[in-house]
There are 2 protein chains.
Amino acid sequence: MATKTAAQRREQARIEYDAFLKSCPTNQLLDRISDKWVSLVVAALATGPMRYSDLGRKIAGVSPKMLTQTLRSLERDGLLTRSVTPSVPVRVDYELTTLGDNLARLLTAVKDWAETHFDEVREARERYDTEGADTGADEVRARQK
Amino acid sequence: MATKTAAQRREQARIEYDAFLKSCPTNQLLDRISDKWVSLVVAALATGPMRYSDLGRKIAGVSPKMLTQTLRSLERDGLLTRSVTPSVPVRVDYELTTLGDNLARLLTAVKDWAETHFDEVREARERYDTEGADTGADEVRARQK
DNA sequence: CGGGATCCCGATAGATACTG
DNA sequence: CAGTATCTATCGGGATCCCG
């Protein structure tokens, strides 16, 4: 048998680790709230029920595909309900469930944290970005992204 | 001038919205904690300082590139410190700052939420995935992903 | 109005190889 | 040991067309 390379061993580890992460509730939730649109949808619905196109307008930059996809996944997780009214033009309303409302509150906590500590982060960034500029080194330039 | 299509108007809106989101502290933080490796690194360092390769081993599936990238961004945001000890083989230690420790606590809150409500989410998913299966419809099959 | 199906492109994660 | 540089494969997300 061949000696495994570092990359091979890491790949093996990655597979196991990935499996572990998928079964980890924390990570699953993190995946959820980290979705670009999820937080926006939840925030929009936090003020009350909304129709599909209202959401599309309120969130502005979202494509119908992503909006639907986001709503479906949230519905699947029991975070919101989808109610269809079969009128002449169909009407679909979305509304947060108790659980969804609960998530909205968690997001509020995150938001509060962000607003509280954002100044510190900004200062840290400025320090980091200018550090070394006065010491004569200019290798930092490339790091600006 | 040509009449703008819906897609064109949405694209315009998306650009503005993106700009807004980038300036929004909440979203910036959300981007941070949603990063796959950030939460893992922060969690690993929450128990104490660690060396580069220790982190690489503890997190298992990470490539050196991503580890470095993650550590750099966290350092830039003032969430951890990087201290180099120029011994024979170089030694680099990473340690959470007060702010980083604070973030770790926020992540703990998220984790608690996840563990508390995960059962509800799981139940909702099972209900959603089996719904319609007994009503004779089998279009749900394709949704299994 | 509220979507589903399909094609396609750009960003980005990760593998590989090299350096101080 | 602690990274950096380069290349490639993947995949999320948008555009587009169409249906109920």
Side-chain angles (χ1 to χ4, degrees), chain A residues 4-15 17-18 21 31-32 34-38 40-41 49-57 59-75 80 82-94 137 139-143 145, chain B residues 4-15 17-18 21 31 34-38 40-41 49-73 75 82-94 137 139-143 145:
Chain A
K4 290 180 181 175
T5 68
Q8 282 175 321
R9 261 180 283 109
R10 201 176 51 242
E11 194 198 347
Q12 177 60 27
R14 236 198 57 231
I15 294 170
Y17 213 70
D18 275 6
L21 287 181
D31 275 359
R32 181 96 315 144
S34 66
D35 186 289
K36 184 182 176 183
W37 305 113
V38 166
L40 296 170
V41 168
M50 272 191 152
R51 298 182 56 177
Y52 182 85
S53 43
D54 287 338
L55 281 169
R57 237 165 289 119
I59 302 187
V62 72
S63 67
K65 175 186 171 183
M66 290 318 292
L67 184 54
T68 301
Q69 202 176 98
T70 304
L71 290 168
R72 285 290 185 280
S73 70
L74 291 176
E75 185 194 359
L80 54 80
R82 173 174 180 271
S83 43
V84 184
T85 310
S87 40
V88 188
V90 201
R91 176 197 173 101
V92 183
D93 286 272
Y94 292 93
E139 325 84 356
V140 191
R141 200 66 41 83
R143 196 134 305 287
K145 186 202 171 190
Chain B
K4 290 181 181 174
T5 68
Q8 283 175 318
R9 260 180 285 107
R10 200 175 51 242
E11 196 200 344
Q12 178 61 27
R14 237 196 55 233
I15 294 170
Y17 213 70
D18 276 6
L21 287 180
D31 276 0
S34 67
D35 186 288
K36 184 182 177 184
W37 303 115
V38 166
L40 296 170
V41 168
M50 271 191 150
R51 298 181 56 175
Y52 182 86
S53 45
D54 287 337
L55 281 169
R57 236 166 287 119
K58 177 146 189 178
I59 302 186
V62 73
S63 67
K65 176 187 169 182
M66 290 318 292
L67 184 54
T68 301
Q69 200 174 100
T70 304
L71 290 168
R72 286 289 187 283
S73 71
E75 185 195 358
R82 173 175 180 271
S83 42
V84 184
T85 310
S87 40
V88 189
V90 202
R91 175 198 174 102
V92 182
D93 286 272
Y94 291 94
E139 327 83 357
V140 191
R141 199 66 40 85
R143 196 132 306 287
K145 186 206 170 185

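Chain letters run A, B, ... following the sequence lines, proteins first, then strands; residues in each count from 1.
Taking atom CG on B/Leu55 and atom P on D/dA2, their separation rounds to 10 Å, with Å as the unit. Rounded to whole angstrom, the span from the CE atom of B/Met66 across to the P atom of C/dA11 amounts to 16 Å. Rounded to an integer number of Å, the gap from NZ of A/Lys65 to P of C/dG3 is 16 Å. If you measure from atom CG of A/Leu67 to atom C1' of D/dA15, you get 16 Å, rounded to the nearest angstrom. Look at OH on A/Tyr52: it is 15 Å from C1' on D/dG20, rounded to the nearest Å. Summarising the geometry, the separation between CG on B/Asp18 and C1' on C/dG10 is reported as 14 Å, rounded to the nearest angstrom. Rounded to an integer number of Å, the gap from CG of B/Asp31 to P of C/dA11 is 16 Å. Whole-Å rounding puts the A/Arg57 CZ to C/dC1 C1' distance at 11 Å.
Within the 4.0 angstrom heavy-atom criterion, only backbone atoms of the sugar-phosphate kind lie near B/Gln69; the bases stay farther away. Nucleic acid contact for A/Val90: base, since at least one base atom lies under 4.0 Å from a heavy atom of the residue. The residue A/Lys36 sits apart from the nucleic acid: no heavy atom pair falls under 4.0 Å.
Here the CG-CG distance, from A/Asp35 to A/Leu74, works out to 8.0 Å after rounding to the nearest 0.5 Å. To the nearest 0.5 Å, atom CG of residue A/Leu71 and atom CE of residue A/Met50 are 11.5 Å apart. Atoms OH and OG1, from A/Tyr94 and A/Thr70 in turn, are 10.5 Å apart once rounded to the nearest 0.5 Å. To the nearest 0.5 Å, the span separating OG on A/Ser73 from CZ on A/Arg32 amounts to 4.0 Å.
A side chain to side chain contact (heavy atoms under 4.5 Å, CB included) with B/Thr68 is found for exactly one of B/Arg72, B/Lys65, B/Met66, namely B/Arg72.
Comparing D/dG3, C/dC1, C/dG4 by their closest approach to the side chain of A/Arg51 singles out C/dC1. Taking only side-chain atoms of A/Tyr94, from C-beta outward, the nucleotide of C/dG2, D/dC1, C/dG3 with the closest atom is C/dG3. For A/Asp35, counting side-chain heavy atoms from C-beta on, the closest listed nucleotide (C/dG14, D/dC1, D/dG13) is D/dG13.
Proximity of A/Ser53 to the phosphate of C/dC1: no side-chain N or O atom is located under 4.0 Å from OP1 or OP2. Between A/Trp37 and D/dG12 there is no side-chain N or O to OP1 or OP2 distance below 4.0 Å. Distances shorter than 4.0 Å separate none of the side-chain N or O atoms of A/Arg82 from OP1 or OP2 on C/dG2.
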